[in-house]
Every structure is written in C-alpha cells, then in structure tokens.
Amino acid sequence: MQQASRLGLLVHALHCGDLSLLGEAIVDELVEPCRARLIPGYLDAKAACCEAGALACSISGSGPTTFALAGSRGRAEAMLAILEECFTLAGVPGNGLVDQVGPGARVVSTLLH
C-alpha cells in the first residue's frame with residue numbers, strides 16, 4: 001500500500017515541481033532492497049549520496065543503472081563523483097553523466113478529432 005501511495009505523491013511532486021517530494025516519491029521499498037545486493041557498492045554509494053545531500057538515489061529499472069537526484073548542477077556533479085568513487089572502489093566499471101530534466105510534455109501535432 002505504501003508503494004502505491006507513492007505514485008500519487010509522484011504525480012503531485014511533478015505537477016508542483018517540488019524536488020523534495022519527488023525524492024520521497026521515488027523511494028522503492030519493494031524491489032530496490034532485493035536488487036541492491038546484486039550491485040556491488042550500491043548501498044555504500046546510496047548512503048554517501050544521501051549523506052552529501054542527494055534528493056534521492058536509486059536503481060533504474062532492473063539495473064544496472066543507478067542514479068542520484070540533485071537540486072542543482074553543482075550538487076549533481078558532486079553526486080556523480082561520489083557514485084563513481086564508490087563503484088570504482090567496489091570494482092564496478094561504468095560511466096556516468098550529469099543531465100537535467102527537459103521542458104516537459106508538449107503538443108507536437110494537431111488533434112485527430
């Protein structure tokens with residue numbers, strides 16, 4: 001039930017543009033705990049990112065992609081450095097990038113009706 005309520009929170013956070021709520025909404029209490037142990041270094045990386053001020057840190061889909069949400073580009077670059085360091089120490093190769101959310105949905109064609 002808790003996970004289902006997060007969907008409503010996600011919609012509300014996106015509608016309001018509230019990054020703090022968005023970070024809370026993407027917490028995955030069902031699947032992430034199972035997948036986390038399959039990604040060496042993930043739990044340390046998540047803890048370090050959260051301690052450094054990430055809005056959230058999680059696993060994308062079934063993995064192996066992990067991500068951290070940040071409120072600014074500077075903070076995002078710090079999160080990327082933390083993720084890279086933690087995974088390098090765990091012997092997990094990879095590459096990361098800092099990106100930003102796009103402008104949102106828009107109409108690109110006329111309605112069919």
Side-chain angles (χ1 to χ4, degrees):
M1 188 58 121
Q2 179 73 17
Q3 199 69 21
S5 69
R6 292 193 190 280
L7 177 58
L9 184 61
L10 175 68
V11 172
H12 179 68
L14 292 171
H15 176 73
C16 295
D18 188 322
L19 294 178
S20 294
L21 282 180
L22 179 62
E24 187 179 332
I26 65 168
V27 171
D28 180 353
E29 296 166 336
L30 294 176
V31 180
E32 182 183 333
C34 296
R35 292 180 180 151
R37 65 176 183 254
L38 301 174
I39 303 172
Y42 172 72
L43 292 175
D44 290 337
K46 179 175 182 163
C49 282
C50 291
E51 191 173 305
L55 299 169
C57 183
S58 193
I59 302 167
S60 179
S62 62
T65 301
T66 60
F67 66 92
L69 295 180
S72 70
R73 184 164 195 88
R75 181 65 53 114
E77 290 169 355
M79 296 303 114
L80 177 58
I82 290 169
L83 289 169
E84 288 177 339
E85 179 180 355
C86 288
F87 287 121
T88 297
L89 288 173
V92 178
N95 53 33
L97 61 95
V98 172
D99 204 352
Q100 66 184 37
V101 176
R106 64 190 191 292
V107 176
V108 295
S109 65
T110 58
L111 297 174
L112 298 175
H113 298 36

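- Of all heavy-atom pairs between Ala76 and Ala70, the closest is N-CB, 3.5 Å.
- A chain of hydrophobic side-chain contacts below 4.5 Å, direct or via other Ile, Leu, Val, Met, Phe, Trp or Tyr residues, connects Leu7 to Leu14.
- Nearest heavy atoms, Val92 versus Pro40: CG2-O, 3.4 Å.
- Among residue pairs with one or both ends in residues 65-82, those qualifying as salt bridge (Lys or Arg N to Asp or Glu O under 4.0 Å) are Arg73-Glu77; sequence neighbours excluded.
- The side chain to side chain contact (heavy atoms under 4.5 Å, CB included) search around Glu84 returns Leu80, not counting sequence neighbours.
- To the nearest 0.5 Å, the span separating CZ on Arg35 from CD1 on Ile59 amounts to 7.5 Å.
- Partners of Glu85 by side chain to side chain contact (heavy atoms under 4.5 Å, CB included), not counting sequence neighbours, listed by chain and number: Leu89.
- Tyr42 and Cys57 get closest at one heavy-atom pair: OH-O, 3.4 Å.
- With sequence neighbours left out, Leu19 forms a side chain to side chain contact (heavy atoms under 4.5 Å, CB included) with Leu22, Leu55.
- Here the side chains of Ile39 and Phe87 are in contact, with some heavy-atom distance below 4.5 Å.
- Of all non-hydrogen atoms in Cys49 and Ala68, the two that sit nearest each other are SG-CB, 4.2 Å.
- Taking each heavy atom of Ile26 and Phe67 in turn, the nearest pair found is CD1-CE1, 3.5 Å.
- Applying the salt bridge (Lys or Arg N to Asp or Glu O under 4.0 Å) test to residues at least two apart or on different chains, the pairs with a partner in residues 10-32 are Arg6-Glu29, Glu32-Lys46.
- Listed by chain and residue number, Met79, Ile82 satisfy the side chain to side chain contact (heavy atoms under 4.5 Å, CB included) test with Ala52 (two or more places apart in sequence, or in another chain).
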